[in-house]
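Numbering starts at 1 and runs along the sequence shown.
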Amino acid sequence: MTRITIHTPDTAPEAVRTELGALAQQFGKVLNIHGAMAHSPVVLQSYVALQQVIGDYGTFDARTREAIALVVGNVDECSYCQSAHTMGAKAAGLTLEQTIAIRQGTIDFDPKLAALLELARQSTANKGSVKDDAWQEGLDAGWTDVELTELSTHIALNLFTNYFNHLVDTDLDIPAAPHL
C-alpha cells in the first residue's frame with residue numbers, strides 16, 4: 001500500500017494543482033505516482049520540468065525513450081515503472097515481446113537500439129559508469145556524442161521516478177508488466 005495518500009487536483013497543494021491536473025488529463029486519470037508526487041511541489045515540479053526539457057530539447061523518439069525507461073526500471077527493479085513504460089512502449093510502436101526482450105537485455109530486433117540500451121543498462125547498474133567498449137559500440141552503431149550524453153538525463157529521470165516509487169511504495173494502478 002502506498003505510504004502516503006494520493007492527491008487529486010482538488011486536494012493537492014496549490015503549487016502543483018495545475019501540473020497534476022494536466023497530468024491527469026494526459027493519462028486519463030491521476031496516476032498513483034503523480035498523486036503521490038504532488039505531496040511535495042519540489043518533487044512534482046522537478047518531474048514535470050525534466051519531462052518538459054526532454055520534450056523541448058531531446059533527440060530521442062518516443063520508442064527510444066520508452067526503451068530506455070524499461071531498461072532502467074528493470075535494472076532498478078521498479079515494477080511500477082516497468083508497467084507504465086510497457087504501456088508507453090506499446091503505444092510508441094514496440095510489441096509486448098520487444099518490451100520483454102528490452103527488459104531482459106536480449107534485443108535482437110534493432111542493433112542500434114541494443115547498443116544504446118547496453119549503455120543505459122551499464123550506467124544504471126554501475127552508478128553511471130560504463131565500459132569504454134560499450135561507449136564505442138554506441139558510436140559505431142550510429143549514435144552521436146550528443147545522443148550518448150543525453151542518455152544520462154533519461155537515466156536520471158527514470159532513476160528519480162524509480163527511487164520515488166521505492167520510497168513511497170507506490171501502489172500499481174495500471175496493468176502489470178509481464179513477469180520475466
List the atom pairs, donor and acceptor, that lie under 3.5 Å between side-chain atoms in residues 101-111 and the rest of the protein, sequence neighbours left out.
residue, atom, partner, partner atom, Å
Arg103, NE, Gln82, OE1, 2.7
Arg103, NH1, Pro178, O, 2.9
Arg103, NH2, Gln82, OE1, 2.9
Arg103, NH2, Pro178, O, 3.0
Asp110, OD1, Lys112, N, 3.2
Asp110, OD1, Leu113, N, 3.0
Asp110, OD2, Arg63, NH1, 3.1
Asp110, OD2, Arg63, NH2, 3.4

Looking only at non-hydrogen atoms, find the nearest pair between [X] and [Y] and report the distance.
{"X": "Leu20", "Y": "Ala38", "value": "CD2-CB, 3.8 Å"}
{"X": "Thr11", "Y": "Arg17", "value": "C-NH2, 4.4 Å"}
{"X": "Asn158", "Y": "Ala69", "value": "OD1-CB, 3.2 Å"}
{"X": "Leu119", "Y": "Gly138", "value": "CD1-CA, 4.5 Å"}

Same apolar cluster (I L V M F W Y, side chains within < 4.5 Å links), [X]/[Y]:
{"X": "Leu157", "Y": "Phe27", "result": "yes"}
{"X": "Val168", "Y": "Leu23", "result": "yes"}
{"X": "Val42", "Y": "Leu50", "result": "no"}
{"X": "Val16", "Y": "Phe164", "result": "yes"}
{"X": "Val75", "Y": "Ile68", "result": "yes"}

Find out whether [X] and [Y] are in side-chain contact, i.e. whether some heavy atom of one side chain is under 4.5 Å from a heavy atom of the other.
{"X": "Tyr47", "Y": "His34", "answer": "yes"}
{"X": "Pro13", "Y": "His7", "answer": "yes"}
{"X": "Tyr80", "Y": "Asp169", "answer": "no"}
{"X": "Ile33", "Y": "Thr161", "answer": "yes"}
{"X": "Leu151", "Y": "Ser123", "answer": "no"}
{"X": "Asn74", "Y": "Leu180", "answer": "yes"}
{"X": "Thr64", "Y": "His154", "answer": "no"}
{"X": "Trp135", "Y": "Gln122", "answer": "no"}

**Asked** What orientation do Phe60 and Trp143 show, parallel under 30°, tilted 30 to 60°, or perpendicular over 60°?
**Response**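 Phe60 vs Trp143 ring planes: perpendicular.
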**Request:** Say whether Gln136 and Asp132, considering side chains only, have a donor N or O and an acceptor N or O under 3.5 Å apart.
**Result:**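 Asp132 and Gln136 do not have a side-chain donor-acceptor pair below 3.5 Å.
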Any side-chain to backbone donor/acceptor pair from [X] onto [Y]? Under 3.5 Å, distance only.
{"X": "His85", "Y": "Val72", "result": "no"}
{"X": "Asp173", "Y": "Asn32", "result": "yes"}
{"X": "Thr124", "Y": "Arg121", "result": "no"}

**Request:** Before giving the answer on side-chain contact (heavy atoms from CB on, under 4.5 Å), spell out for Val53 and Thr153 the whole-Å C-alpha distance, their side-chain angles and the decisive distance to 0.1 Å.
**Result:** CA-CA 10 Å; Val53 168; Thr153 301; 5.8 Å; no
**Message:** If the condition is side-chain contact (heavy atoms from CB on, under 4.5 Å), which residues does Thr5 pass it with, not counting sequence neighbours?
**Reply:**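 Only His39 meet the side-chain contact (heavy atoms from CB on, under 4.5 Å) criterion with Thr5.
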